[in-house]
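Presented below is the structure to which this report refers.
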Amino acid sequence: MEIWLIATIAAAAVQTLRFMLQKRLKGIGLSTGGATFSRFLFAVPLATLGVAVLVVWRGYEIPALGGVFWAFAIMGGIAQIIATFCTVALFSERSFAVGIAFTKTETVQVALFSAVFLAETVSGFGVLAILIGLAGVLMLSRPPEGWLAGKILNRATVLGLLAGAFFGLSAIGYRGATIEIANPDPLFRAMLALACVTAFQTVAMALWLRWREAGEVSKTLGAWRATLPVGVTGVLGSLGWFTAFALQNAAYVRSVGQIELIFSILVSLFIFGEKPSKREIAGMALLALSIILIVAVA
């Protein structure tokens, strides 16, 4: 199994856990901004430590990071902040399932963004695989009352589409940033890009919260026992994504990353004893087929 595939599957698994932890933060009094900030706050020292370990262990030098790198890194960092805001805001919506389903249009959007920003196109067979995966995701995410009865055109839909678009832009930014680092080791490129991006995100979010939500930074720091696990899982998941982006087309990476929905269904089955419906089984089958086809193409 290729390294990018292992990194993607691991990132999806950790991301599933992070979203579970992050959803709990809304219940301890943190705002959407505070819950989003916690995602980046503790990631900075962990990512920086990772860079230091690789520098000492493998004797690497920190390469010069040019303007193109910072342009991609900042674009990706800002896009991820906005996407995370939208996703956390979805936790308060009654149409949560509908909104989350629309975040998964990210895979199609990433394919488009890859062609526009990185000149990395997806083959016709690859597009077919992505669309099969999208069909599976929509089947898995269908609300219990159905799409029409679930009022498909609502605030959750808009938040979901925005989250998908900005997660797509962040993927392109991170792919572009890792490519710009002059080092053959994908792990080092991923860790260095991650450290730079999370440092920028932490400063940007801290300034935003000081301006718009006075006291929220202190509240987030005060709740460190709850927010620290979010930061740890956040940096581990991001490291997986960044490593995959350093090695493979972002559209393929994000498409395989949809395996997190299968993880969620399996958690429901084996931990909570919730039997999947025939529709969910069919959705998982389509998603699994999509991932197999993408691996074959890539």
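Starting from 1, each residue takes its place in the sequence as its number.
By the 4.5 Å heavy-atom criterion applied to side chains, Leu65 and Leu192 are counted as neighbours. Residues Thr198 and Gln201 have side chains in contact (heavy-atom distance under 4.5 Å, counting atoms from C-beta outward). Between Met75 and Tyr174 the shortest side-chain heavy-atom distance does not fall below 4.5 Å. For the pair Phe200 and Ile74, the minimum side-chain heavy-atom distance is below 4.5 Å. Side chains of Glu180 and Trp70 form no contact here, defined as non-hydrogen atoms less than 4.5 Å apart. Within the 4.5 Å cutoff, side-chain heavy atoms of Val197 are placed close to those of Phe242. Under the 4.5 Å side-chain criterion, counting only non-hydrogen atoms from C-beta, Leu287 is not in contact with Ile259. At least one side-chain heavy atom of Pro63 sits less than 4.5 Å from a side-chain heavy atom of Phe188.
Follow the hydrophobic side-chain contacts under 4.5 Å out from Phe125 and you reach Leu289 in the same cluster. A continuous path of hydrophobic side-chain contacts links Ile3 to Leu5 [ILVMFWY only; heavy atoms under 4.5 Å]. Hydrophobic clustering keeps Val53 apart from Leu236 (ILVMFWY residues linked when any side-chain heavy atoms are closer than 4.5 Å, directly or through intermediates).
With hydrogens and angles ignored, the 3.5 Å screen pairs no side-chain donor or acceptor of Ser290 with any backbone N or O of Leu286. The backbone N or O of Val235 lies less than 3.5 Å from no partner atom in the side chain of Ser238, so there is not a single donor-acceptor pair. Judged by distance alone, the side chain of Arg189 and the main-chain N or O of Asn183 form a donor-acceptor pair under 3.5 Å.
Closest approach of Gly237 to Ala11, counting heavy atoms only: O-CB, 3.4 Å. Across all non-hydrogen atoms, the minimal contact from Ala79 to Ser170 is CB-N, 3.6 Å. For Gly257 against Thr8, the heavy-atom pair with the smallest separation is N-CG2, 3.5 Å. Closest non-hydrogen pair, Leu41 versus Leu221, comes out as CD2-CD2, 3.4 Å. Between Ala171 and Arg254, the closest heavy-atom pair is CB-NE, 3.9 Å. Counting all heavy atoms, side chain and backbone alike, Leu293 lies closest to Ala129 at CB-CB, 3.7 Å.
Taken from CG in Leu128 to CD1 in Ile294, the straight-line distance is 10.0 Å, to the nearest 0.5 Å. One finds the CD1 atom of Ile82 at 9.0 Å from the CZ atom of Phe85 (value rounded to the nearest 0.5 Å). Distance OG1/Thr178 to CZ/Phe72: 9.5 Å, rounded to 0.5 Å. Residue Ile291 holds its CD1 atom at 12.0 Å from CD1 of Ile130, rounded to the nearest 0.5 Å. Of the inter-residue distances, the one linking Ile81 atom CD1 with Cys86 atom SG reads 12.0 Å to the nearest 0.5 angstrom. Between atom CE of residue Met191 and atom OG1 of residue Thr48 there is a gap of 9.5 Å, rounded to the nearest 0.5 Å.
Remark: of the listed residues Glu213, Lys219, Arg212, Glu213 is the sole one forming a side-chain hydrogen bond (donor to acceptor under 3.5 Å, both in side chains) with Ser31.
Annotation for Phe166: atom CZ does not count as buried by contact number, only 12 or fewer foreign heavy atoms lying within 6.0 Å. Crowding of Arg58 atom CZ: a count of heavy atoms from other residues, nucleotides or ligands under 6.0 Å exceeding 12.
The existence of a salt bridge linking Glu120 and Arg175 is confirmed by a sub-4.0 Å separation between a basic side-chain nitrogen and an acidic carboxylate oxygen.
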Given the rule in the side chain to side chain contact (heavy atoms under 4.5 Å, CB included) test, do Gln109 and Phe167 qualify, once you have shown the distances and angles that lead to the verdict?
CA-CA 9 Å; Gln109 298 182 69; Phe167 273 131; over 6 Å; no

Evaluate the criterion side chain to side chain contact (heavy atoms under 4.5 Å, CB included) for residue pair Leu239 and Leu187; output intermediate values, then yes/no.
CA-CA 8 Å; Leu239 179 60; Leu187 179 61; 4.0 Å; yes

Phe42 and Val232: CA distance, side-chain angles, deciding distance, side chain to side chain contact (heavy atoms under 4.5 Å, CB included) verdict:
CA-CA 7 Å; Phe42 296 105; Val232 172; 5.8 Å; no

Stepwise, does the side chain to side chain contact (heavy atoms under 4.5 Å, CB included) test hold for Ser114 with Val122?
CA-CA 8 Å; Ser114 288; Val122 175; 5.7 Å; no

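Aromatic ring pairs are classed by plane angle as parallel below 30°, tilted from 30° to 60° and perpendicular above 60°; the pair Trp211 and Trp208 is perpendicular.
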